[in-house]
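All remarks here apply to the structure that follows.
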Amino acid sequence: MIEIGAQVDLSHPPERVWLALTDRELLGRWFAEAETVEGVPDRMLLHTAGLPGFEANVEVEVAERQEPDLLVLACDEAGRLSELTCTVTATKQGCRLELREVSTHGAWSAEQHDPREQQFRQALTVRLPAILDWLAFQQVDLRRADGGLTAELPLIGVRGRAGRNPRRRRTLVAVVAGVVLVAGTAAWVTLPPDSKPAAAPAPTATASPTVTAGRTAVAPTPTPSARPSRTTASATTRPSLTPSAKPSRTAASLPPPPPPAPVTARYETDSTRLFGYTGEIVVENPGGAPVADWTVVVSLAEGTTVDDVDGANWRKDGRSIIFTGAAVRPGGSQRISFDVRDSRPKAREPESCTIGGQPCAGL
């Protein structure tokens, strides 16, 4: 007995998933085109010839049916018989769909088994969610009210401000101008009356050599000569303090440069769809030695979940998805792909992505 299995967690109710499993037109959109067999209501012919892992079309007949939890199909693929069981289990986020096919007569070859299982997985994780999203979108009430949508935005608040602006602006300008005028007048009144002689030290300093030379015997210690000496002393003291203090403070306050990260990561949204998207992270090792202990943490938006991950081990911690994997060789890279389901029609990218505490590029 050879078994093939695949499962997926879906953010849709079991009734919607059941419809996608049993409706002939919907089944043809996400798995394979189907047509009914004349005279047999519970039998269909799936056009699987040419799909990976299938050698011919498959004739299926309902063997057991428990809506919306269980569907068992008896399959005949050119004489090779199998039983396909579809189990739908309700979850907090929606439901879980599990497909399990067991051969009852004949067997699949090694070249046929893996592609067939991969075909089931791809149909469940990529095409089926897209169809379910489309079904859900048909049920969204876009009107939101009895009056329907309108292209006119409520501009009452904007018009009110526009109507009051000219008068208030003129009043505000007058008040500001008055305040500035009063402040300027007060500052002018409080200035000392002898403010002009403040510029006198410059001419007296230039005339000090003449006064000192001509009146050495009469006034040995004139006042103008004392002022330049203090000015010179202070001028020579200040430059000596400024250069010596600044370099020492700057050198002491600079922290040491952080060590380079051993590995880096880059995020990219590979594809988007209604209610979901596929994200991709590339972990790169630019160093000269293999790096084994690397961890990528992706924080998802509220209301989003991860369905499937390829290229890494992963676990969930709240809204954070933690990826780990094998060692990355020097100069090599590791690619991680993951499918995300979003509760909103327009899918939202992750809120953050880090590797070793450092942000990923591209997000």
Side-chain angles (χ1 to χ4, degrees), residues 1-10 12 14-89 94-135 271 273 276 278 307-311 337 339:
M1 179 181 296
I2 299 177
E3 180 177 334
I4 292 176
Q7 71 175 27
V8 62
D9 289 327
L10 302 165
H12 293 273
E15 292 76 15
R16 187 176 297 149
V17 176
W18 178 266
L19 182 62
L21 290 173
T22 55
D23 185 271
R24 180 175 60 86
E25 293 185 0
L26 293 177
L27 189 62
R29 290 176 179 266
W30 68 270
F31 183 67
E33 292 186 6
E35 61 176 305
T36 57
V37 177
E38 187 176 356
V40 185
D42 288 338
R43 184 174 297 180
M44 288 191 303
L45 181 66
L46 300 179
H47 293 270
T48 54
L51 294 179
F54 292 85
E55 295 179 351
N57 294 336
V58 177
E59 187 175 339
V60 299
E61 185 175 0
V62 177
E64 186 176 355
R65 178 190 182 107
Q66 298 179 13
E67 185 176 352
D69 304 321
L70 180 66
L71 180 66
V72 181
L73 302 175
C75 306
D76 183 353
E77 182 186 0
R80 184 186 292 110
L81 307 181
S82 63
E83 185 176 78
L84 179 63
T85 303
C86 308
T87 306
V88 182
T89 306
C95 68
R96 174 174 297 169
L97 173 61
E98 181 179 3
L99 265 60
R100 179 172 173 265
E101 187 177 17
V102 178
S103 62
T104 57
H105 179 74
W108 300 291
S109 63
E111 294 78 11
Q112 189 180 12
H113 179 276
D114 292 343
R116 191 184 189 98
E117 190 170 46
Q118 181 63 28
Q119 177 68 17
F120 278 123
R121 284 190 58 192
Q122 187 175 7
L124 290 186
T125 59
V126 178
R127 294 193 293 271
L128 176 59
I131 291 300
L132 294 174
D133 292 343
W134 177 79
L135 283 176
S271 61
R273 58 184 181 274
T278 299
D307 283 343
D308 190 33
V309 176
D310 286 328
S337 177
D339 290 326

What distance separates D133 CG from L10 CG, expressed to the nearest 0.5 Å? 9.0 Å

Carefully, step by step, assess L46 and L27 under the rule side-chain contact (heavy atoms from CB on, under 4.5 Å). CA-CA 9 Å; L46 300 179; L27 189 62; 3.8 Å; yes

Once rounded to the nearest 0.5 Å, what's the spacing between atom CZ of R65 and atom CG of L70? 11.0 Å

Roughly how far, to the nearest 0.5 Å, is the CG atom of D308 from the CG atom of D339? 5.5 Å

For the residue pair N57 and T48, confirm or rule out a side-chain donor-acceptor distance under 3.5 Å. no

Under 6.0 Å from the CZ atom of R96, do we count more than 12 heavy atoms belonging to anything else shown? no

Least distance between heavy atoms, A130 atom then R273 atom: CB-CD, 4.4 Å

Tell me whether Q7 contacts the main-chain N or O of L97 through its side chain, where contact means a donor paired with an acceptor under 3.5 Å. no

Side chain to side chain contact (heavy atoms under 4.5 Å, CB included) partner of L26, chosen from L132, L135, L128, L21: L135

Is the side chain of E59 donor-acceptor paired with the backbone N or O of R43 at a distance under 3.5 Å, no angle test? no

For R127, enumerate each residue passing the side chain to side chain contact (heavy atoms under 4.5 Å, CB included) test, keeping only those at least two apart in sequence or located in another chain. W30, Q119, Q122, A123

Are the side chain of R80 and the backbone N or O of A107 linked by a donor-acceptor pair below 3.5 Å? yes

With distance as the sole criterion, is a donor-acceptor pair present between the side chains of S82 and E101 under 3.5 Å? yes

Under the side chain to side chain contact (heavy atoms under 4.5 Å, CB included) test, which residues partner A63, sequence neighbours left out? V72

If the plane angle is over 60° it's perpendicular, under 30° parallel, otherwise tilted; pick one for F31 and F120. parallel

Mind listing the closest non-hydrogen atom pair of R121 and A6 along with its distance? CG-CB, 3.7 Å

In Å and rounded to the nearest 0.5 Å, what is the NE2 to CZ distance from H113 to R116? 9.5 Å

Restricting to pairs with a member in residues 15-35, which pass salt bridge (Lys or Arg N to Asp or Glu O under 4.0 Å), not counting sequence neighbours? none

Check: P14 and V88 side chains under 4.5 Å, non-hydrogen atoms: yes

Derivation and outcome, side-chain contact (heavy atoms from CB on, under 4.5 Å), residues V62 and M44: CA-CA 9 Å; V62 177; M44 288 191 303; over 6 Å; no

Pairwise distance CG(D9) to CG(L124) - rounded to 0.5 angstrom: 11.0 Å

Here the gap from T89 atom OG1 to E98 atom CD, rounded to the nearest 0.5 Å, amounts to 7.5 Å

